[in-house]
Structure formats: C-alpha cells, structure tokens
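Everything on this sheet refers to the single structure shown next.
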Amino acid sequence: MTTGGAGFSRRAFLGAGAAIGGLAVLAPTRTGVARAAAPFEPTREVALTAGEMELKLLGPDKPATRILAYDGTPFQTLRMPRGTRLKATFVNGIDEGSTLHFHGIRMPNEYDGVPTLTQPLVQPGSRFVHLLPLDDPGTFFFHPHCDETGQAGKGLAGVLIVEDPRDPDFDAEHVLCLKDWRLAEDGSFLAMSEPEGAAKAGTFGATRTVNGTPSLDLTAPAAGHVRLRILNLDSTRIMDIGAEGGEAWLIAVDGHALKPVRLDDLPDGIWRMGPAQRIDLDIRMPSDGSPVTLGDYRAADIYPFATLRADGRVARPRKGPLALPSAELPKPDMKQATRLPFTLQQATGQAVKDIALPADDPLAKALIDSLCVGSTTYWGIQSESWPTGTNRNVPPPLARMEEGASYVVAIKNETRFPHPVHLHGHAFEVLTSSLDRLPRHFADTVLVQPGEVVEIAFVAAPGDWVFHCHILEHMETGMMGWFRIV
Ligand code: C2O
Ligand code: CU
C-alpha cells in the first residue's frame, strides 16, 4: 500500500473522507437565517437538464467535442419579463455532482446553489427546485457551482434575459457569449487547469468562440441602433471589448443600466471584462451601410468576434445613446455605511501546507465530488482560503453583517494578477477605483487590477453569500469566502 504525501495511508484517508462525507461536517452551516417564506406563485416554469452533447468547435471538417450544456442547447437563452416568478428545476443529467447558480440574480439565499453553504450537492439523476423572483431587468446567466473549471469549462452555462417593457425600442438585438475552449486536435478536452496557470493568471483555452463559432456575422438596418448583450463566459480570460466602424455606448454593466458612456471616452476606448462580467452596448450603425466590427483588443493579436452588416433596410435616424431606464436597486446609505477592507492575496501560512494532489488522482476527484473544492491552495482573501485538499471545513465567514444595513467594502488586490470579484445575491454599486478607470455603476462582479483598491457599496440582504474571484481556478484554489448576513 502506498502512502500519501503526509505519510498516512491512502485507504485510511479515503475512508475518512467517505465517513466525513456522510456526517455533520458537510451539513449546511446556516443557523438563524431561517424565516417564514413569503408565498411564491410561479408565473413561469422551466426545467434545466445538464447533459452531454456534441459540438464541432474545431471546425466543420474536424472531430466534434463532447461538451456539457443545459437541455442540449449550448448557451441557451431564456427570456422573460421583469416581475416573472420563475420556478426553475435543475435536473442533474451528468455523471458528477452539480448545482445550479443564477449569477447576479437577487434572490432568497436558499436558492443560490452553493453546495455546503446553501444546499446539498445535487447528485447525478437528482433535481433541485429554485424559486426566483426576477425583479431586476438585465442580462444574467446561470452556471454550475461545483467543479466549475470542469463543468463550466466544458460549456455548462445558459443566459437569462429579464426584459423590461420600458426599454427603448432597438432596431436589432443580439446576444454574444464569449468562451474559449481547451481542446486537443482530436476534439477532446485538455486538462482544464494546470498548476502553472492556477497559481498565476489561469489556464487559457486556445480555441476562441462566440456562441460556439469562431466569429459571428450579424445584421442590422443601416443607421439603426443595435443592442448587443455581451457575456464573458470564459473561465479565465479577461477581455478588452471595443468596437470599430460605428458609434458605441456602454448602456449596462452586469445587466444594470448606467448613464451611457461612449466606449471611445473610456480609457483605451475599451471596456475590460473579466469572466462572468456582462455588458450591454448600444451600437449606432453607419448610415452609409458600412459594417461595424467588435473585437477583444487585449492581446496583440486582436480577436474580432463579430461583424454587424447592414441588412438592406434603413432605420429612421435617431441620435444616440438609447439609454435604458435607470436601475432600481437598493441604494446604500453612505453616511451610515460600515466600512470593511478585504485583501486579495497569494495564499500564505497554513493553507499552503495542505496536501497537494495531482488533479487526475482519484482521491482528488473524490474530494472535488464531495465538497467541490480544488486540490491545492494558491490564493486567499484576507489570508483566509476557502478549503482545498484535505481541509473540508467551511471556514468562518469573512464578515458578519446586518440585514438591511449599508456596507462599503474596499477590495485591495495585493497580487500580480487581475481578479474579477463576485458577490452573490446582491447588486453592488462600484464607487471608486484607485486607478480611476471605472465610471460609477451597479454590478455583481468587479475586476480589480493588481495594486488597485476598488470600493463597492451595497445594502445587505439576508443569507450566507459567497464572495469570490470568478477566474474559476482562482476560486477553486482558495480565493473564496462568504458573508453571513442576519
Ligand atoms: Cu457566477 Cu459564485 O458565481
Ligand atoms: Cu482571481
């Protein structure tokens, strides 16, 4: 019998893991947040079944890839009106545990989809019902919250658009889901995470796609206003979204309207967008029928992912921007707000002494299956790291907050890499950036650059909410914590 790195037997270790798997350590840690639920009358019901399907990502003449998708539709897009009471049943049709998380939706905590914290893992063949009040209009998405580098990395995600009847009347609208894939030449997946990537900027995919194809040819009337909903659904890549050929305004971030800003008036003429972030753009097509191109300008080799071409029609001319109705979100009270600083760090101390298992080790797989944790710790928030490796205890909350009170959280990035930081269950207001690059806006995820301090403010909603980096490898190797709000 071989022994593990810490000098004890692997079998004993696996046995202990299995025993713990059935006992109290895994029990949800929620206490005291239970309250009588308001009656919920669904006005729309959907079932979302996770499963495998084939998609030709390498090209029409190349081998297909077995990706993961909900209901056999890559990045399927659900649209429903604001005010919908959605009953969404998640059905786990894949061969490992999963959960469903509706990213950016303000909802009762129990439907948030975070295993161990808000619900048990949904085992293969099982289901979980989410009851979601869709009160905020905007561009949202949903994804698993377990083994995310694996499941989301293989494509498991969908788009949820909450429509507002008060929105301006655009001449065309398109949804663009950007995601890279880690593929071998035979169409199979390469390892989703390499230690070299996980400990640094992340492990990148080389096959870049938008809606599952290399680039999109879209149409719109000349002189028309086009609404583009652009989602960064990649696990790793930060993108600099820019447009050429027409006028472009940023009209919403993470679904929430902001005072329109001309892309050209932002630093470098781009909006920098990390994994999980979304933007809505209003593009005014040239009246002479010439095209507009959209690209990611971050790397030297620009990735042009969409071209908008005139479709022969000419729209009635309207000056831009077509602004969305302003977001109606809880407004933090800045005078009363409690200030809390948090630091994004490389992992130090105890955390890094955790036993690191190679990702393909069956034990590592078993651990990931039972608690959705990674095998190694590289990162932390406030020198606390979310459990990885052999440590399966949910850590204490990063902060305890009071329901209905206002908080200003200052997020300081002491690492050498940018981190898109996401808070569940809230829309926060991005107040300031020490690098002075962000307009004030509401969001659910904010990109914090190396050395930067970004201040966000929000009104605390009751529940246990995770706060984590949305570069999935960073999250799975420690950069996650949670707030308990009662
Ligand atoms: Cu997009 Cu914790 O999630
Ligand atoms: Cu990160």
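Counting convention: from 1, in listed order, for ligands and their atoms alike. In this text the structure is predicted, and so the values were computed from the model without any measurement.
Between N92 and S98, the side chains place no donor N or O within less than 3.5 Å of an acceptor N or O (distance only, hydrogens not considered). Between the side chains of W181 and T209, a donor-acceptor pair is found at a separation under 3.5 Å. Using modelled atom types, one finds no donor on one side chain facing an acceptor on the other under 3.5 Å when comparing H468 with H419. Side chains of H101 and D112: a donor-acceptor N/O pair is present below 3.5 angstrom, by distance only. One side chain, H143 or E148, offers a donor N or O that lies under 3.5 Å from an acceptor on the other.
Of all the N, O or S atoms in H103, the one closest to atom 1 (Cu) of ligand 1 is ND1.
A salt bridge (charged side-chain N to carboxylate O under 4.0 Å, His left out) with R208 is found for one member of D301, D234, D296 and no other, namely D296.
For atom 2 (Cu) of ligand 1, the N/O/S atoms of H145 include one lying under 2.8 Å. Residue H424 counts as close to atom 2 (Cu) of ligand 1, with an N, O or S atom under 2.8 Å.
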(message) Could you go through H174 and L218, starting from their C-alpha distance and side-chain angles, then the distance that decides it, and tell me whether this counts as side-chain contact (heavy atoms from CB on, under 4.5 Å)?
(response) CA-CA 8 Å; H174 301 286; L218 305 169; 3.8 Å; yes

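Using a 4.0 Å cut-off between a side-chain N of Lys or Arg and a carboxylate O of Asp or Glu, K412 and E455 do not qualify as a salt bridge.
The angle that H143 NE2 and H470 NE2 make at atom 1 (Cu) of ligand 1, rounded to 10°, works out to 110°.
Inside a sphere of radius 2.8 Å centred on the Cu ion (ligand 2), the protein N/O/S atoms present are H419 ND1, C469 SG, H474 ND1.
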